[in-house]
There are 2 protein chains.
Amino acid sequence: MQSDLYNIGEAAIASCISSKMIRRYEESGLIPKASRSLSDYRVYNGKNVNMLRFIKHARDLGFSVKQISSLLNLWTDQARSSSEVKSLATEHILLLDQKLKELNTMKSELTRLVSCCHGDERPDCPILDSLAQNEI
Amino acid sequence: MQSDLYNIGEAAIASCISSKMIRRYEESGLIPKASRSLSDYRVYNGKNVNMLRFIKHARDLGFSVKQISSLLNLWTDQARSSSEVKSLATEHILLLDQKLKELNTMKSELTRLVSCCHGDERPDCPILDSLAQNEI
DNA sequence: TAAAAACCTTACCTGTGGGGTAAGGTCAAG
DNA sequence: CTTGACCTTACCCCACAGGTAAGGTTTTTA
């Protein structure tokens, strides 16, 4: 009859978030404090696990914990406007774009250096030379 | 005559690494302990500053502090083979590639969700719906 | 020449998002 | 009733940086 109840290990498996992180999310206030069993074990219900899954999906999309906190508020707020969510997501895409640009710059520069390096037993190396340059 | 000497603030400006991080790099063993003035101020010479600049350039290329430690060893080892450096750099490119893929996956998925969201004052929102889905 | 500003020192806390370990309580199966 | 698997809290650690505080030194300025 109460098949809807999970302890933290079961909730971890069901949500793909480690017990460790579930406790941390609770401690940091991202999720509400779990109710406890007589022996002080955390007890979760299906709704709680859905929230954890929501968090997991958002983390997989690269949202920060802070952003997820906002998303959870919007999620549980039936009066939210979808534009609020959309702007949060759009902002996050801009951040992803920025990181992508940085990584691409690094990669192309490094690829150029690697292609200039003969990579044999000789000690002279354009990669180290470039890193040692005083000017870029 | 000793125009080649810098205190930590000057070394920071010359290398574009904050005083803070210079101290930390020393503490962590990435760079040797600086010599000290009579009043216990750290003193750097041109060679030290070149090492800091080397580190800065490598950080800008996304190398980890650990990798930079290896690069510094190779840099100061006149008997190194360029292949060692090249393989370290190549390995790092693979890591950059992996991160790029992850970020691209996030971005395209999120872009798809955003394009599905009408983003007006109505509460229904495909982004939240997707995050709340039990299956992906 | 004395005060003030600018710099240095160490030591500690913050964030971000995790991982690990230890010491002890609880539960279920054998 | 013991053993193993689970739970609890309380710490430590990683990378990589920023901030702040309290105190000493050096340089500039009035």
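Computed from a predicted model, the values in this text were never measured in an experiment. In what follows, every chain begins at residue 1, and chains take the letters A, B, ... in the order their sequences are listed.
For the OP1/OP2 pair of C:dC27 and a distance below 4.0 Å, the side-chain nitrogens and oxygens of A:S39 include at least one atom meeting the criterion. One finds no side-chain N or O of A:R42 lying less than 4.0 angstrom from the OP1 or OP2 phosphate oxygen of D:dC7.
Distance B:R36 CZ to D:dT26 P: 14 Å, rounded to the nearest Å. If you measure from atom CD1 of A:I68 to atom C1' of C:dG17, you get 11 Å, rounded to the nearest angstrom. Computed from coordinates, the B:R23 CZ to C:dC7 C1' distance equals 10 Å when rounded to whole Å. The distance from atom CD of B:E10 to atom C1' of C:dC7 is 10 Å, rounded to the nearest whole Å. Taking atom CD of A:E26 as the reference point, atom C1' of D:dT8 lies 12 Å away to the nearest angstrom. As a whole-Å value, the separation of A:I22 CD1 from C:dG19 C1' is 16 Å. Regarding A:Y6, its OH atom lies at a distance of 20 Å from the C1' atom of C:dC27, rounded to whole Å.
With hydrophobic clusters built from ILVMFWY side chains whose heavy atoms lie under 4.5 angstrom apart, A:Y41 does not share a cluster with A:M21.
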Quiz item: Going 5' to 3' along nucleotides 11-17 of chain D, which nucleotides have protein heavy atoms under 4.0 Å from the base (write B), which only from the sugar-phosphate (write S), and which from neither (write -)?
Solution: -----SB

Practice problem: Report, as a single string ordered 5' to 3', how protein heavy atoms within less than 4.0 Å touch nucleotides 1-6 of chain C: B base, S sugar-phosphate only, - not at all. | Solution: ------

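Scanning for salt bridge (charged side-chain N to carboxylate O under 4.0 Å, His left out) contacts around A:D97 gives B:K107, with sequence neighbours left out.
Considering only heavy atoms from C-beta on, A:L128 comes within 4.5 Å of B:F54 through its side chain.
At a cut-off of 3.5 Å, with distance as the only test, a side-chain donor of A:S82 or B:H118 sits close to an acceptor on the other residue.
Annotation for B:A89 and A:V114: closest pair CB-CG2, 3.5 Å, computed over non-hydrogen atoms. Across every non-hydrogen atom of A:A11 and A:Y6, the tightest pair is N-CB, 3.9 Å. Here the shortest heavy-atom pairing between B:L61 and A:E109 reads CD2-CG, 3.4 Å.
Remark: the backbone N or O of B:G46 is paired with a side-chain donor or acceptor of B:D4 at under 3.5 angstrom. B:E91 places no side-chain N or O within 3.5 Å of a backbone atom of B:L88 that could act as its donor or acceptor partner.
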